[in-house]
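Okay, so here's the structure we're looking at.
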Amino acid sequence: MPAGSIQEGLSQAKEIIGKYPREQRFLLAALQDIQKEYNYLPREALALVQEHFAVPLSRLYSMATFYKALALKPKGKFVIKVCDGTACHIRGSTLLVEELQRLLKIGPGETTPDGKFSMETVNCLGSCAIAPVMVINDQYYGRVTTAAVGKILEDLEAKE
Amino acid sequence: MVFFKRKPVKTVLVCCGTGCLANNSLEVYEGLKKRIEGAGVRARIRPVTKATGCNGLCERGPIVKIQPDDIFYCGVKAADVDEIFERSVLNDEIITRLLYRDTSTGERVKSHRETEFYKRQYKIALRNIGEIDPASIDDYMERDGYRALKKVLTSMSPQEVMAEIEKSGLRGRGGAGFPTGVKWKQCERVEALPKYVVCNGDEGDPGAFMDRSIMEGDPHSVIEGMLICAYAIGAEKGFIYIRDEYALAIKNMTTALEEARKRGFLGQNILQKGLNFDIEIVRGGGAFVCGESTALMASIEGRVGEPRVKYIRSVERGLWDKPTVLNNVETWANVPVIINRGAQWFRSIGTEGSPGTKVFSLVGKVKNTGLIEVPMGITLREIIFSIGGGIPRGREFKAVQTGGPSGGCIPKELLDLPVDFDSLTESGSMMGSGGMIVMDDTTCMVEVARYYLQFLAEESCGKCVPCREGIKQMLGILEDICAGRGREGDIDLLLDIGATLQEASLCGLGKTAPNPVLSTIRYFREEYEEHIRNKYCPAGVCKELTEFYIDIDACRGCGLCEQKCPVGAISGERRRTYTIDGTKCIKCGQCREACRFGAIKNRGRRHEDNH
Ligand SMILES: Cc1cc2nc3c(=O)[nH]c(=O)nc-3n(C[C@H](O)[C@H](O)[C@H](O)COP(=O)(O)O)c2cc1C
Ligand code: SF4
Ligand code: SF4
Ligand code: FES
Ligand code: FES
């Protein structure tokens with residue numbers, strides 16, 4: 001996120017945190033909401049969480065690394081999630097990852113330098129019947145083939 | 001308005017489960033709804049449109065059903081909306097081209113109940129899914145919803161409730177199969193207060209979505225099950241732990257809880273019978289180990305989700321060290337039906353040791369993929385070949401994986417095995433939460449074992465050394481074997497480390513982690529040996545051990561493979577033969593998948609060595 005918007009951006013984080021009582025059991029939920037809002041956990045927001053719940057920063061970092069839903073680094077504009085659950089795996093999800101790798105020059109967990117695309121592998125998206133499955137910013141793609149991957153990326157580029 | 005002879009109200013059910021939504025069913029739903037609401041007097045009757053949960057046949061989605069005629073349309077597109085409305089809603093015509101085509105007979109059938117896929121199923125946990133709008137508590141109540149709660153509050157003592165559940169023989173559907181009634185009694189006996197009731201909706205098995213469908217499609221059945229337990233053990237507070245990725249499940253469950261509160265099924269003095277109970281949703285953070293009961297409780301408390309030693313039992317000291325009953329989503333959904341229809345009835349379904357039914361997500365290399373519910377004791381063969389319609393593209397069945405990362409692969413020789421908790425465990429696999437993944441001869445069993453170990457290596461919480469290190473070592477060996485660096489003795493080494501893990505790990509994750517490896521060695525040892533000794537992957541999956549070629553005797557020169565190859569490695573002449581340029585081939589196997597004559601074969605690396 002560009003530096004200028006951090007301050008105004010933080011007001012949402014404040015609002016999110018303010019919703020929760022100062023009890024430890026709401027810590028994860030607060031972090032998840034912040035993750036949803038920003039697509040990652042901005043350092044400044046973590047400082048607010050630390051203050052509100054009165055927990056050491058190291059606790060927050062250990063939670064952020066333990067739970068997969070939380071990320072410490074910003075993600076791209078399009079987050080491509082390739083399902084590598086078992087059903088998708090045996091129907092060739094690895095090939096999709098390799099094709100994305102070939103086209104975007106990034107691996108799972110990485111973001112393109114222009115900040116446009118991030119790639120992640122995830123476990124079962126609950127649509128195994130139409131495996132292999134990819135989700136890009138909440139849009140599902142079923143029965144994806146290696147050939148379709150390039151086409152999908154082109155369409156996204158065009159949408160911009 | 002003129003009144004015609006009274007006809008039942010038509011209900012148009014549009015599937016809005018995750019699978020159908022992925023295929024744009026929302027557009028179909030909105031289109032039909034608009035058409036129906038705009039119809040006014042043109043319709044002699046007032047049809048109702050409902051968005052339902054998953055019908056189980058996501059592969060054929062989006063699904064639209066019209067009641068009471070029981071018409072079942074598949075693969076419906078937004079462009080079909082007008083025709084459906086005019087012909088099947090306003091009139092009573094059937095649109096043949098949208099009907100389900102049975103994979104075994106090839107014929108189109110009007111109602112899903114006539115299909116091989118549904119005929120052999122028996123729905124208890126999934127009884128309402130696909131039939132009701134999950135956002136409507138009235139829909140649930142019309143189908144006997146909250147009747148069991150009323151029954152226990154007005155006519156049964158807590159002891160009678162627990163006795164009934166125990167008598168029914170209901171065993172936990174989350175994996176281990178512990179008797180549910182026994183668990184409740186153990187918790188009830190403990191003096192400490194408060195007590196908690198927890199629903200495990202973490203569903204960590206990668207490749208399964210039963211619990212998600214229940215939470216999305218019939219959330220009230222879970223709430224009612226938990227209420228009955230709360231009454232039995234004397235709890236006032238409950239938690240439903242749902243994976244954060246399950247956005248729709250969280251949304252529908254949240255709505256259901258609000259509705260239940262409004263109707264007085266949750267809160268203080270429920271139904272004026274003095275029961276106080278409420279439920280809160282906790283979103284999981286996406287870690288497999290959090291599905292383990294003690295890790296899940298740690299996570300609810302707001303800590304890192306690590307398991308603890310088992311000798312402290314959760315029924316005595318669970319959530320915040322208080323007595324806690326934790327059950328799986330599907331277990332909860334069974335409870336109200338058992339109370340309504342009685343333990344005797346429940347025992348009449350399934351087997352002696354495993355009464356009732358089990359929900360499976362039947363996926364992988366099988367024709368009809370989707371969610372099914374079958375009586376326990378049914379054979380694997382019936383599930384895969386009768387319900388599932390067999391293996392697509394005329395390929396050969398090789399194995400079926402059950403139990404997720406804690407389970408194992410069951411070979412063809414055991415296809416007649418009855419599916420119940422004990423038989424599956426004996427076979428070296430386990431019931432698990434209900435993932436059932438069918439594999440054909442293009443699935444490599446060594447690679448499947450590697451896949452699960454990699455999953456588990458990422459998911460091991462790292463708290464105990466045997467699990468953390470053991471999984472890592474086993475994974476390393478499997479990676480080597482798949483990459484052609486396998487050595488004599490590797491198999492024995494895997495068996496050794498596996499045995500240590502089973503013995504010394506702290507929680508179920510580590511104890512069961514070797515299962516995918518041990519079961520594949522047990523039944524597919526030759527495949528391991530081929531990899532290690534002959535540097536050959538018979539399935540053509542491990543790239544280092546695969547080299548595709550076209551068998552000129554079998555090739556008919558159709559050219560399909562050339563079109564499918566993403567890197568242009570195939571060339572040839574129509575109606576003659578084609579060849580693969582091994583230097584360009586990336587071994588994706590798309591050509592083999594496409595060839596209808598089985599002409600594309602794999603000769604492995606041993607071929608090169610012979611040069
Ligand atoms: C590593 C691990 C993961 C588990 N994941 C789940 C899960 O995702 N869902 C579930 O219901 N049970 C899971 N379990 C089983 C639970 O620990 C617990 O036995 C179960 O939820 C109890 O409910 P039941 O008796 O109704 O089956 C898991 C166990 C282990 C060891
Ligand atoms: S395996 Fe893939 S890359 Fe190789 S020839 Fe076949 S389609 Fe082309
Ligand atoms: S698809 Fe099969 S039959 Fe057709 S050209 Fe290729 S190898 Fe020959
Ligand atoms: S395994 Fe990919 S959607 Fe289930
Ligand atoms: S989501 Fe519609 S059938 Fe599964």
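Protein chains get the first letters and strands the later ones, always in sequence-line order, with residue 1 at the start of each.
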Open item on the list: Could you check whether any side-chain heavy atom of I90(A) comes within less than 4.5 Å of a side-chain heavy atom of M439(B), counting everything from C-beta outward?
Closed with: yes
- [ ] With rounding to the nearest 0.5 Å, note down the distance linking CZ in F209(B) to SG in C124(A).
- [x] 7.0 Å
- [ ] Report the distance from atom OH of Y67(A) to atom OG of S299(B), rounding to the nearest 0.5 Å.
- [x] 3.0 Å
Task: Partner chain A: residue of G19(B), G305(B), G462(B), S361(B) with the largest heavy-atom pair count (under 4.5 Å) - done: G305(B)
TODO: Of all the heavy-atom pairs spanning V363(B) and A129(A), show the shortest one and how long it is.
DONE: CG1-N, 4.4 Å
TODO: Under 4.5 Å heavy-atom distance to chain A, tell me which part of F288(B) shows up: side chain, backbone, both or neither.
DONE: neither
Open item on the list: Looking at chain A, which one of E447(B), K564(B), E203(B) has the largest number of heavy-atom pairs inside 4.5 Å, strictly under?
Closed with: E447(B)
- [ ] Give, as side chain, backbone, both or neither, the part of A147(A) having an atom under 4.5 angstrom from any heavy atom of chain B.
- [x] neither
TODO: With a 4.5 Å cut-off on heavy-atom pairs, point out which of E306(B), K365(B), R60(B) contacts chain A the most.
DONE: K365(B)
TODO: Could you tell me which portion of F53(A) (side chain, backbone, both or neither) has an atom closer than 4.5 angstrom to a non-hydrogen atom of chain B?
DONE: neither
Task: Any side-chain heavy-atom pair of L125(A) and Y246(B) under 4.5 Å - done: no
Open item on the list: Rounded at 0.5 Å granularity, tell me how far OG1 in T443(B) sits from NE2 in H89(A).
Closed with: 9.5 Å
TODO: Verify the neighbour count for atom CD of Q101(A): are there more than 12 heavy atoms of other residues, nucleotides or ligands below 6.0 Å?
DONE: yes
Open item on the list: Taking side chain as everything from C-beta outward and backbone as N, CA, C, O, which of these in V438(B) sits under 4.5 Å from a heavy atom of chain A? Side chain, backbone, both or neither.
Closed with: backbone
- [ ] Please state whether the side chain, the backbone, both or neither of E459(B) comes within less than 4.5 Å of a heavy atom of chain A.
- [x] side chain
TODO: Count the heavy atoms of every other residue, nucleotide or ligand shown that sit under 6.0 Å from NZ of K543(B), and state whether that count exceeds 12.
DONE: yes
Task: Proximal component of A247(B), with respect to chain A [non-hydrogen, under 4.5 Å] - done: neither
Open item on the list: Would you say NZ of K73(A) has more than 12 non-hydrogen atoms from neighbouring residues, nucleotides or ligands within 6.0 angstrom?
Closed with: no
Open item on the list: So for E458(B), is it side chain, backbone, both, or neither that comes closer than 4.5 Å to the heavy atoms of chain A?
Closed with: side chain
Open item on the list: Tell me whether E98(A) is salt-bridged to K587(B), with the criterion being a basic N under 4.0 Å from an acidic carboxylate O.
Closed with: no
TODO: Could you check if a side-chain atom of R25(A) sits within less than 4.5 angstrom of a side-chain atom of E280(B), using non-hydrogen atoms only?
DONE: yes
- [ ] Quick one: which of N123(A), T86(A), T145(A) has the most heavy-atom pairs under 4.5 Å with chain B, could you say?
- [x] T86(A)
TODO: Measure I300(B) against the heavy atoms of chain A and call it side chain, backbone, both or neither at under 4.5 Å.
DONE: backbone
Open item on the list: So for V289(B), is it side chain, backbone, both, or neither that comes closer than 4.5 Å to the heavy atoms of chain A?
Closed with: side chain
Task: Atom group of C290(B) that falls short of 4.5 Å from chain A, counting heavy atoms - done: side chain
Open item on the list: As an exercise, state the distance from CG of L28(A) to CG of D244(B), rounded to the nearest 0.5 Å.
Closed with: 7.5 Å
Open item on the list: So, using side-chain contact (heavy atoms from CB on, under 4.5 Å) as the criterion, who are the partners of S127(A) when residues are at least two apart?
Closed with: I130(A), V133(A), Y140(A), T18(B)
Open item on the list: To the closest 0.5 Å, what do you measure between OG (S62(A)) and CZ (R303(B))?
Closed with: 11.5 Å
Open item on the list: With chain B as the partner, which of A87(A), C128(A), G142(A), G150(A) has the greatest number of non-hydrogen pairs under 4.5 Å?
Closed with: C128(A)
TODO: Compare every heavy atom of G85(A) with every heavy atom of Y451(B), then report the nearest pair and how far apart it is.
DONE: OH-C, 2.9 Å
Open item on the list: Quick check for you: to the nearest 0.5 Å, what is the distance between L27(A) atom CG and E301(B) atom CD?
Closed with: 13.0 Å
- [ ] Identify which part of N23(B) has an atom lying under 4.5 Å from any heavy atom of chain A, answering side chain, backbone, both or neither.
- [x] side chain
Open item on the list: Using a 4.5 angstrom heavy-atom cutoff, name the option from E59(B), R283(B), M210(B) with the most pairs to chain A.
Closed with: R283(B)
- [ ] Check whether any side-chain heavy atom of R91(A) lies under 4.5 Å from a side-chain heavy atom of T369(B), and answer yes or no.
- [x] yes
Task: Proximal component of Q401(B), with respect to chain A [non-hydrogen, under 4.5 Å] - done: neither
